[in-house]
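Some notes on the structure that comes next.
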Amino acid sequence: MSDLTRSDRPFEEKYKSSWSLAAESFRRFLILPLNQISFAITALLLFVALFAPWIAPFPFEQVNPSNGLDPPSWQHLMGTDQAGRDVFSRVLYGTQTSLLIGVVTVVCGMILGVFIGAVSGYFGGWVDEIVMRVVEVFMSVPGIILALALVSVLGPSLPSIILALSIRRITQFARVVRGSVLSVKSQDYITACHALGMNNLRIVFGHVLPNCLSPIIVLASVLLGNVILTESTLSFLGMGIQEPTPSWGTMIAKGNEFLTFAPWISLFPGGFLFLTMIAFNLLGDGVRDHLDPRGGSVL
Amino acid sequence: MLTTVIFRRLLLSIPTILGVATLAFVLGHLAPGDPAIAAMGLDMDGYTTIEPGELERVRRELGLDKPMLVQYGLWLGKALQGDFGRSFVTTELVAEMIFYALPSTVFLLLTTMVVASIVGIALGIISAVNQGKTGDYIARMIAIIGVSTPTFWFALVLILLFSFAIPIFPMNGSVIDHGPIAMVLPTLAIALHPAALIARMMRSSMLEVLSQDMVRTATAKGLSRQRVLLVHALRNAINPVLTVIGFQLANLMGGAVAVEYIFSIPGLGSLLIESIYEKDLLVMQGAVLVVGVAFAVTNLLVDILYLVVDPRIRL
């Protein structure tokens with residue numbers, strides 16, 4: 001009997017096999033050309049975000065009024081803004097801001113959302129009723145409006161932006177995880193866990209949640225782009241990252257004033273945002289098709 | 001049977017609408033410091049400029065001297081009657097401000113939805129029918145570009161192209177000043193994203209239906225390709241698309257906020273942004289409540305429509 005159960009295998013063997021499984025899954029994910037493209041762009045963005053201080057030709061806050069509104073040139077690849085700051089350098093640093101907010105928000109939303117969704121789905125009853133009603137309330141208010149309202153009352157700082165963006169992600173994760181938990185908890189192996197006398201905590205975290213991993217990963221990959229877009233919209237509307245910290249949304253908003261005679265100030269950060277969105281949307285689609293081939297988009 | 005299901009769904013939407021109201025109320029009390037000072041559009045620095053009597057009057061008027069639960073009850077009672085108070089910044093009634101802003105937004109969203117639905121459904125059908133061919137790749141490319149394009153940036157690109165480079169459309173989106181032509185760019189800016197989502201859903205739904213036996217039977221009967229596609233396949237493939245359209249109607253408001261602001265359209269989005277800039281808390285509270293309730297109701301209507309259109313859901 002003990003030979004047959006996974007958990008009784010030696011520690012190294014067990015983890016070696018799950019790592020090699022993940023590596024195999026990743027290798028298969030990269031077979032499709034679209035997945036290769038999205039992964040390459042995402043890796044490039046990550047590289048830019050991590051090494052922005054070394055790649056950027058100028059410091060992001062270096063002003064030079066005599067060079068204000070210079071068009072793109074060899075010295076300033078994407079031109080300069082009204083204060084003479086190098087747009088290219090600011091776009092590179094903006095990658096850092098966007099990815100940081102995107103990742104932190106999704107992770108916060110995931111941790112709390114998974115916990116709430118798991119409790120709600122597993123225990124059911126009045127807890128589930130209340131959680132689902134609250135989720136429905138937050139889903140009724142468009143994300144950007146909720147975020148705008150929250151940031152406006154809490155003040156536009158990095159923690160309040162992350163908090164405002166996380167609340168909706170928590171509800172999104174909670175809803176998806178609850179659905180998965182509901183289907184997993186009716187499986188025979190969970191009944192077996194009960195029969196073995198395991199406590200609820202061990203069943204939920206040791207057996208139910210590991211089997212809900214696919215939809216969680218899919219949602220996280222889809223939401224990453226979504227959060228970056230919402231943050232940019234918030235910044236564009238003046239309720240996100242504040243100057244002089246570089247953010248694509250703020251840069252587009254500032255450039256809006258000079259749109260007719262210095263369009264590069266808005267167009268380049270927007271182009272970068274667009275590229276990022278394409279990468280994350282393709283990545284989200286690829287991950288969904290890879291982990292859950294039955295449903296979702298076939299784009 | 002259908003009426004019972006609809007009635008149950010109606011009952012279920014009451015807690016959601018009450019929840020949205022609670023959320024709007026809580027937002028009004030989240031601002032750090034004194035809610036009365038916040039409601040007057042002032043921050044703590046502006047506090048010293050108010051006379052103490054004035055502050056007391058505002059506190060009484062807003063019911064802030066009462067316990068929180070009583071405040072909530074009073075606020076909810078008034079809000080249900082459409083009384084959101086009077087703005088301390090503009091001195092106008094909040095309900096009136098929302099009432100005047102609402103038609104522009106509703107008109108913009110409905111026009112956008114019609115355009116997005118027509119384009120999305122057409123693109124989805126073209127893509128599904130030409131699966132794996134050039135038409136499919138082009139339609140899918142348009143869809144992925146549409147989903148990935150930030151609405152506010154696309155609005156700026158449209159202005160740059162069609163208001164400056166080729167001056168066909170006005171930069172200002174006000175229909176009163178420029179006529180219906182002013183709606184073209186804002187509509188296009190918001191429609192791109194939902195059109196792409198609808199196209200994706202239409203393509204996958206159509207592909208699923210096209211592989212069914214009934215399509216083969218219809219073709220075998222000698223019906224024209226057009227009839228098979230537009231009557232037999234489309235009718236069966238449209239249901240999931242209807243849901244996406246319904247959900248998108250609710251999500252469109254997010255895009256509309258930025259676009260109304262860019263094109264200076266005097267709608268609910270602009271009102272919300274202005275109220276945030278002016279720190280006009282009561283207007284913001286009212287706008288969030290109206291948007292939230294409007295979308296809870298939209299979702300309810302979509303659900304009911306879905307029940308009517310697809311009898312399988314009722315089972």
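All values below were derived from every heavy atom in this structure, side-chain atoms included, with hydrogens, water molecules and symmetry-related copies excluded. Order of the sequence lines fixes the chain letters, A, B, ..., with proteins taken first and strands second; residue numbering starts at 1 for each chain.
With contacts defined as side-chain heavy-atom distances shorter than 4.5 Å, the pair B:Leu281/A:Val153 qualifies. A:Met277 is not listed as a side-chain neighbour of B:Trp153, based on a closest heavy-atom distance of 4.5 Å or more. With contacts defined as side-chain heavy-atom distances shorter than 4.5 Å, the pair A:Ser232/B:Phe152 qualifies. Looking at heavy atoms from C-beta onward, A:Leu148 lies in side-chain contact with B:Ile273 at the 4.5 angstrom threshold. At a threshold of 4.5 Å between non-hydrogen side-chain atoms, the residues A:Arg133 and B:Leu12 count as touching.
Using a 4.5 Å cut-off between heavy atoms, A:Leu146 touches chain B through its side chain atoms alone. For B:Ile262, the part sitting under 4.5 Å from any heavy atom of chain A is the side chain, from C-beta outward, and nothing else. For chain B, no part of A:Phe280 is nearby; none of its heavy atoms comes within less than 4.5 Å. For B:Phe154, no part sits under 4.5 Å from any heavy atom of chain A, backbone or side chain. For chain A, the nearby parts of B:Leu27 are the backbone and the side chain; heavy atoms of each come within less than 4.5 Å. Contacts between B:Ile17 and chain A at a heavy-atom distance below 4.5 Å are absent for every atom of the residue.
Note that the OG1 atom of B:Thr16 and the CZ atom of A:Phe138 stand 12.5 Å from one another [nearest 0.5 Å]. The CD1 atom of A:Ile252 sits 7.5 Å away from the CG atom of B:Leu156 when rounded to the nearest 0.5 Å. Separation of atoms CG (A:Asn281) and CD1 (B:Ile144) is listed at 5.5 Å; rounding is to 0.5 Å. Note that CG of A:Leu282 is 6.5 Å distant from OG of B:Ser148, once rounded to the nearest 0.5 Å. The CG atom of A:Leu237 lies 5.5 Å from the OH atom of B:Tyr277; values are rounded to the nearest 0.5 Å. Rounded to the nearest 0.5 angstrom, A:Leu259 CG and B:Ile159 CD1 are separated by 7.0 Å.
Your options are A:Pro269, A:Gly271, A:Ala253, and the one with the most heavy-atom pairs under 4.5 Å with chain B is A:Gly271. Comparing B:Ala24, B:Ala287, B:Gly269, B:Pro150 by heavy-atom pairs within less than 4.5 Å of chain A, the highest count is held by B:Pro150. When A:Thr233, A:Thr276, A:Ile144 are compared by the number of non-hydrogen pairs under 4.5 Å with chain B, A:Thr233 comes out ahead. Between chain B and the options A:Asn256, A:Leu267, A:Leu275, A:Thr230, heavy-atom pairs under 4.5 Å are most frequent for A:Leu267. Ranked by heavy-atom pairs under 4.5 Å with chain A, the list B:Gly19, B:Ser275, B:Ala199 is led by B:Gly19. Of the listed residues B:Val147, B:Leu18, B:Asp136, the one with more heavy-atom pairs under 4.5 angstrom with chain A than any other is B:Val147.
The two residues A:Ala149 and B:Val288 come nearest to each other via the heavy atoms CB-CG2, 4.0 Å.
Atom CD of B:Glu208 has 12 or fewer neighbouring heavy atoms from other residues, nucleotides or ligands inside a 6.0 Å radius.
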